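Below is one structure, written out as structure tokens; comments come after it.
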Amino acid sequence: MYPVKIGILKLPHFIYNASGIWDTTVSQCLELFDTKYCGAVVTKSATLHENSGNKYPKYHFACDHYSINSNGLENKGYQYYVRSVRGTLEKPVFYSIGGFSNADRAEMIAMCSKILDPMCSAIELNMSCPNLGCVGPAYEPHLLDVALEDLFQVVGSIQVTFGLKLPPYYLIQQFEDIASVLQKHMHHIDYITCINSIPNGMDYDVDNDRPIIAPNDGYGGIGGPATLPIGLSNVSRFAKIFKERGIDIKVIGCGGISSGSDVYKYLLAGAAAVQVGTHLWKNGVTVFEEISIEFDKIMKRKGIQWI
Ligand code: DHB
């Protein structure tokens with residue numbers, strides 16, 4: 001096991017699930033909880049009330065290289081997760097907060113911040129869902145700034161470890177501008193997770209001559225191995241900028257991990273921890289042990305001590 005500290009939380013192991021994967025029901029979350037090499041549980045991005053999300057078929061992962069999804073924030077409402085999935089000192093829970101507006105997010109976070117135990121809980125704010133038919137604030141520096149400004153004005157300081165799930169960015173100027181927004185709010189932010197699914201993907205069902213998923217005219221978020229280079233570049237860019245500017249925010253890697261060497265690459269890029277999405281979705285919770293054993297072999301081969 002490779003422990004890590006994020007905010008004030010101690011995780012027994014630095015590999016765990018990506019939000020939205022194996023975490024929509026309590027029984028799925030408990031399965032993650034009981035999986036030794038899954039170092040934390042991240043819950044499905046939640047809305048104020050239960051939401052049925054988009055129509056089916058809304059995801060597809062038959063191909064080895066990528067998955068496509070347009071789930072549409074199907075979830076049971078944030079109170080379901082907060083009440084029924086509890087972190088422990090041995091394994092914390094990250095509650096992913098989605099929501100449809102700044103007001104929704106402020107209400108959920110204010111409530112969570114009041115009732116969660118800071119020693120075993122965190123909040124991961126997700127303003128980068130690609131499937132809602134409108135652009136989330138995290139895609140654009142000014143919108144992100146306004147959303148965070150609003151949030152901290154309503155909620156004040158958040159009592160639990162707090163992070164943001166960010167979308168992929170592509171241009172150097174975008175990284176610089178987003179980093180400036182994060183720098184402005186850095187006293188509230190413990191970590192960022194890079195990256196969410198790559199928005200606006202398309203795939204076709206050749207047997208039926210139509211898009212492979214039904215919602216949003218077939219456009220959806222892309223995950224899986226094809227996203228690894230973009231995930232690595234996003235972690236690497238932010239880690240470098242944070243170091244240059246002395247910004248004390250950890251970077252958590254997510255995107256395309258399906259082996260121990262993928263995990264190792266994220267560490268080279270500067271990640272403090274990593275999350276597994278599509279590979280977990282396709283293969284189930286045994287992936288944590290498989291990936292961890294592969295990673296352990298790399299560390300031993302290289303003679304690297306974990307600190
Ligand atoms: C959904 C997809 C995402 O990539 C995300 O970050 C949040 C929600 C979804 O479609 O439910």
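Just so it is clear, the model here is predicted, and its values are computed rather than measured. Indexing begins at 1, ligand by ligand and atom by atom, following the structure's order. Each residue takes its place number in the sequence, starting with 1.
Heavy atoms of other residues, nucleotides or ligands lying less than 6.0 angstrom from CZ of Arg245 number more than 12.
Side chains of His188 and Ser157 form a contact here, defined as non-hydrogen atoms less than 4.5 Å apart.
There is no side-chain donor-acceptor pair under 3.5 Å between Asp177 and Ser180. A donor-acceptor contact closer than 3.5 angstrom is absent between the side chains of Tyr37 and Glu290.
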Could you list each N/O atom of ligand 1 together with any protein N/O atom closer than 3.5 Å, one pair per line with the distance?
residue: ligand 1; atom: 4 (O); partner: Asn196; partner atom: OD1; Å: 2.6
residue: ligand 1; atom: 4 (O); partner: Ser197; partner atom: OG; Å: 3.0
residue: ligand 1; atom: 6 (O); partner: Asn126; partner atom: ND2; Å: 2.7
residue: ligand 1; atom: 6 (O); partner: Asn196; partner atom: OD1; Å: 3.0
residue: ligand 1; atom: 6 (O); partner: Asn196; partner atom: ND2; Å: 2.5
residue: ligand 1; atom: 10 (O); partner: Asn71; partner atom: N; Å: 3.2
residue: ligand 1; atom: 10 (O); partner: Gly72; partner atom: N; Å: 2.7
residue: ligand 1; atom: 10 (O); partner: Asn131; partner atom: ND2; Å: 2.8
residue: ligand 1; atom: 11 (O); partner: Lys44; partner atom: NZ; Å: 2.8
residue: ligand 1; atom: 11 (O); partner: Gly72; partner atom: N; Å: 3.3
residue: ligand 1; atom: 11 (O); partner: Leu73; partner atom: N; Å: 2.5

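For Lys184, the salt bridge (Lys or Arg N to Asp or Glu O under 4.0 Å) partners at least two apart in sequence or on another chain are Asp145, Glu149.
In terms of heavy-atom proximity, Tyr16 sits nearest to Gly39 at CB-N, 3.8 Å.
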